[in-house]
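One structure is given here, and the rest of the page talks about it.
Only heavy atoms go into these numbers, but all of them, side chains included; no hydrogens, no water, no symmetry mates. All values derive from a computational prediction rather than experimental measurement. In what follows, every chain begins at residue 1, and chains take the letters A, B, ... in the order their sequences are listed.
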Amino acid sequence: MSSTTIIDLIFIGVAVLFIIGIKFLSSPKTARRGNLVAAAGMFIALLALHKAGGQSVWTQGWNLNYTLIAVGTIIGLIIGAIGAYSVKMTAMPQMVAMFNGLGGGAAALVASLEFIRGAHQPEIAGIELPLPHDTSSFIAGSMLFATLIGSLSFSGSIIAFLKLEGKFEKPHTFPGQNFLNGLILLVILGLCGWLTFNTTGSHAVTGFIVMFCLALFFGIAMVMPIGGADMPVVISLLNSFTGLAVAADGFAINNLAMVVAGTLVGSSGTLLTLLMCKAMNRPVTNVLFGAFGSGGGGQAAAGGVAGTVKPIQADEAALLLAYAQRVVIVPGYGMAVAQAQHQVRELSDELGKRGIEVQFAIHPVAGRMPGHMNVLLAEANVPYDQLQEMEAINPSMDRVDVCLVIGANDVVNPAAREEKSSPIYGMPIIEADHAKTVIVMKRSMAKGFAGIENHLFYKDNTRMLFGDAKASLNALVAAVKAN
Amino acid sequence: MSSTTIIDLIFIGVAVLFIIGIKFLSSPKTARRGNLVAAAGMFIALLALHKAGGQSVWTQGWNLNYTLIAVGTIIGLIIGAIGAYSVKMTAMPQMVAMFNGLGGGAAALVASLEFIRGAHQPEIAGIELPLPHDTSSFIAGSMLFATLIGSLSFSGSIIAFLKLEGKFEKPHTFPGQNFLNGLILLVILGLCGWLTFNTTGSHAVTGFIVMFCLALFFGIAMVMPIGGADMPVVISLLNSFTGLAVAADGFAINNLAMVVAGTLVGSSGTLLTLLMCKAMNRPVTNVLFGAFGSGGGGQAAAGGVAGTVKPIQADEAALLLAYAQRVVIVPGYGMAVAQAQHQVRELSDELGKRGIEVQFAIHPVAGRMPGHMNVLLAEANVPYDQLQEMEAINPSMDRVDVCLVIGANDVVNPAAREEKSSPIYGMPIIEADHAKTVIVMKRSMAKGFAGIENHLFYKDNTRMLFGDAKASLNALVAAVKAN
Amino acid sequence: MSPETTIFILTFFVFVLSVFVGFEEISKVPSMLHTPLMSGTNAIHGIILFGGILALADADGGLARTLGFIAVVFGSANVFGGFMVTDRMLQMFKKKK
Amino acid sequence: MSPETTIFILTFFVFVLSVFVGFEEISKVPSMLHTPLMSGTNAIHGIILFGGILALADADGGLARTLGFIAVVFGSANVFGGFMVTDRMLQMFKKKK
Ligand SMILES: NC(=O)c1ccc[n+]([C@@H]2O[C@H](COP(=O)([O-])OP(=O)(O)OC[C@H]3O[C@@H](n4cnc5c(N)ncnc54)[C@H](OP(=O)(O)O)[C@@H]3O)[C@@H](O)[C@H]2O)c1
Ligand SMILES: NC(=O)c1ccc[n+]([C@@H]2O[C@H](COP(=O)([O-])OP(=O)(O)OC[C@H]3O[C@@H](n4cnc5c(N)ncnc54)[C@H](OP(=O)(O)O)[C@@H]3O)[C@@H](O)[C@H]2O)c1
């Protein structure tokens, strides 16, 4: 077998490694190994890298370009490493957004290079891509697709990043926005359509550049109106976009590994996005175009509801806890804001020492990213097996003495069960209200992400422990120790 | 786009239809549609059929070969239709075995034709298959693989068919059998190895024919020793074999659709085989090489156990049923043997009329093929929603007044739960023994498929209603009506 | 690299991917569907009929014709019978009203 | 049919099959893994780095070099950073003793 045959077989092996990697990634036990498998695949692919022609990239004479490649790769490596290891656990989503954006940008640039090169010396296209004439327009098409999607994903991800960093977290909307965006998109698509069949000459280049800029702008315009809390979904979507862009690049430069890797990410990412929305019980269109999400993390003003709020002090709450047999803790976004995970751990240990059964009830969309609570509690070294999925714990909630709700709101809002009219109606919730006593820790009566009232706070068996979660927890721990 | 391009795109569409078809087939709601989708795909593929060269099979001049094709296809269609529509519900597995065998035979013949042709005029191979020299031995290899596996699947399936028809259902074993089989297999593989690199000349032809015959014989020798009751597993295995043979043919004659379809069947079939064994809690090797299964459907001799058997008469049993509030019926292989499904239906209706809650507990491997009970009860028009999966009903078994076990034995044998030594230890069972009263209908104290004692029959809350299931049920129905 | 090799490689790749698709699809299927599924996939490999047709289409000489003919008969029985028997099986599963 | 077309067709087919594999694999994943999964796949499309390298390898002229260089930097950050951040995330999930 010729060496190139072997190289290609290697690439098939690489694709398999990616597939297995993703497979492992989707089960908790194997997830970490999955990531390593995929990384290994990537490394092998790098070594086996060769041109469409077939000759390896590494075996030919060194020149300026190779110096640039080396330097560029190392710079990227450094950026990546710093980003990956400096970032706080809770800031990881924005890190992902950033990396995704860079990937998108790279995809767009690669496609642009090919396109512009082709535009300058049309005949090259023929040599470069061993593809028959009747598909050359397909190639042009995929270059344009890669550019459009890639640059859109680039600018969009950066906005997502900034929003998660807290910059203009509030959605920026103005009437007729969706209409305007639609218009821009139409122009872009029109341009692409034209370029697909006019790939050569200076007009093509100009048109291409215009398209590129419009795509960048569209990425911004698309993400701007979306509330900061919906960013995880947006990032997941842009992630699958980048995947598709890479796949398109693969078609354009006829690189199989890129086609497969990109497509895998594209399709799995799309499904993942839908699953995320499902977990929040919201249609994806609602996330992308709905003004919902404006609540933006509990900043919404408090509203009045019939019913009485029964505050409680730390020491009294401590008593309730100290003499309970079974305590369930429901963490939410508030715990993340207060960075109170370590105090939570302390409290649960303290209760554990007194032979009280303590469990954590994790709602799939508690916090602002899937697995947000798992990450935080894991950071605070809460034993893995103390964490219970919502489905697992709900049936036994009525046998819970004290349910301690720490900065959670929507995920324990009975409205999801009871009020057809409510925006979160139908979303599965942790049935805290079934517990004998509920203690809710939050700073005020402010609303949660969904921006709606929570009747749980007014129920007879509910006590409100106001104040920043971290402060309250410290008080609680002290008081429990005192007992 | 050239017409051939379109044809190939059509074949991709066909492959997608197959994939979707299998997807649908694996969920009860969509299963039937899935089958139709796959069939549609097959039909489209037939229309678009074209040679490796590219020219359609249908557009070229009519000649003797085409007459033969037409006649042959129609004959096959008739055979298939008669087979498919004449067969009794419960005889369907052997029908599948038969069709699978034919497919295997076809695969073997196609490969042989190619091989022998190549052997006679070597140069053709070059023309026929647009494949470089460095892979031509791969082609030869896949032809041989297809022949070997295909003919093996052919003869094996026929034996499986006959066994399910009740011909020499008992396993035929003799000492050193596995050893002999291993030896034959070695010879076959040796021949294949040699042929792979000596594809031309009369020696090749002779060697090939010998190999063919040995493969046929091996298929017989492989299935003969396996107990009739294990045939479903064997058939599933041979099914995936045929799939692989077809895929290999696809490589040999360079037909993409065959590669994909065959591979899909091959991989899904392999997994399915493993799942079947898992449901019976037996390693696949045990099924293929173990002498277990010798029990062969309850004919095994009765054995004595400490404990008393408490027989019961139909009218007394009827009383117990008539005054129960919740009755669960556990059907087993015996109901199939007695063809008593209609009587069962009658009884459950009768009890239903008296406001008694009647449910059927279906064990995954009750009977002799997966879904055996579902098929029978469906045939008798038992409402779908009265059927309960084992997992669903077990938790509430202790709230059942009367559990009526009809010709089931192993699937209600507590030994699976209690006796580490038992061959079925670990197999999930329907916990009939948890019911307040258990009525077991069987003809004798004979053992079930696994050939082991069943302590359930000796428990205090168990009554034995001896006799053929059909007869006993008629008596029961009459007696219940009388009350 | 000769296009033939590329074609071969790609075909092989298609094979590999199909293996994964096949596995993934079956991974979680209720046991009551095992038999229909077996029967349905059995029908799908009836595509061998096409192999038979192609072989017979340019067969020359008695032997080739005979074998090709048998292959076609077998294949056709496999594909038609397979789909029909599966459909009959699945009729049984449709919810009764 | 020209081998080029066949190659194209097959590549397209590989694409189609990959779509199915991608979908099937994710179909049932616990929500606590959504973020790591997103991050892991994000790293995989970092393979665009190779696109950048290939483009830069035979780039001529300042513009091509600059763009190619940026592409390489971006791609490399995507792939390395992606895998590293995912690994860090997943460390969090490992069972505590
Ligand atoms: N997980 C995801 O992937 C994801 C993604 C997007 C959106 N979402 C949405 O986010 C919501 C998550 O629900 P959730 O219950 O976790 O959070 P939430 O409904 O947003 O409520 C968080 C609560 O924490 C309180 N809080 C804020 N800072 C606090 C502090 N320092 N100390 C104590 N309390 C504090 C706030 O009340 P005060 O201001 O009165 O303190 C607020 O009501 C759901 O609606 C979900 O759909 C989730
Ligand atoms: N479902 C599958 O795919 C599959 C495949 C292969 C093997 N198996 C195995 O088959 C077994 C199935 O368990 P099972 O409980 O359904 O059946 P079983 O364990 O084989 O017991 C069937 C019982 O029915 C009785 N019986 C036979 N004919 C009868 C008649 N005419 N009237 C009344 N009773 C009659 C027999 O006792 P008498 O002779 O005393 O009447 C026998 O004990 C399991 O061991 C399973 O592993 C299943």
Side chain proximity check, [X] to [Y], heavy atoms < 4.5 angstrom:
| X | Y | answer |
| --- | --- | --- |
| B/Met42 | B/Phe18 | yes |
| B/Ile362 | B/Leu377 | yes |
| B/Asn100 | B/Ser153 | yes |
| C/Thr41 | B/Asn239 | yes |
| B/Ile79 | B/Ile75 | yes |
| C/Arg88 | B/Met92 | yes |
| B/Ile78 | C/Phe80 | no |

Quiz item: With sequence neighbours left out, what residues match C/Phe13 under ring pair (Phe, Tyr, Trp, His ring centres under 6.0 Å)?
Solution: none
Measure [X] against the heavy atoms of chain C and call it side chain, backbone, both or neither at under 4.5 Å.
| X | value |
| --- | --- |
| B/Pro364 | both |
| B/Val87 | both |
| B/Leu64 | side chain |
| B/Leu102 | both |
| B/Ile19 | both |
| B/Ser236 | both |
| B/Leu113 | side chain |
| B/Asp249 | side chain |
| B/Val260 | both |
| B/Leu387 | neither |
| B/Ala108 | neither |
| B/Ser86 | backbone |

Do you know which of [options] has the most heavy-atom pairs with chain C at a distance under 4.5 angstrom?
| options | answer |
| --- | --- |
| B/Thr270, B/Leu77, B/Leu238 | B/Leu77 |
| B/Val259, B/Thr242, B/Leu264 | B/Thr242 |
| B/Val110, B/Ile235, B/Val365, B/Leu274 | B/Val110 |

Exercise. With a 4.5 angstrom heavy-atom cut-off, could you sort out which part of C/Val19 is near chain B: side chain, backbone, both or neither?
Key: both
Quiz prompt | Interface moiety of C/Ala64 toward chain B, non-hydrogen atoms closer than 4.5 Å | solution = both
Pick whichever of [options] has the most heavy-atom pairs under 4.5 Å with chain B.
| options | result |
| --- | --- |
| C/Val73, C/Val79, C/Val72 | C/Val73 |
| C/Gly51, C/Gly75, C/Ala55 | C/Gly51 |
| C/Leu37, C/Leu17, C/Ile70, C/Leu63 | C/Leu37 |

Quiz item: Between the side chains of C/Ser39 and C/Thr86, is a donor N or O closer than 3.5 angstrom to an acceptor N or O?
Solution: yes
Quiz item: Looking just at side-chain N and O atoms, do C/Arg65 and B/Asn65 make a donor-acceptor pair shorter than 3.5 Å?
Solution: yes
Quiz item: For the side chain of C/Asn78 and the backbone of C/Asn42, is there at least one donor-acceptor N/O pair under 3.5 Å apart?
Solution: yes
Exercise. Classify the ring geometry between C/Phe74 and B/Phe154 as parallel (under 30°), tilted (30 to 60°) or perpendicular (over 60°).
Key: parallel
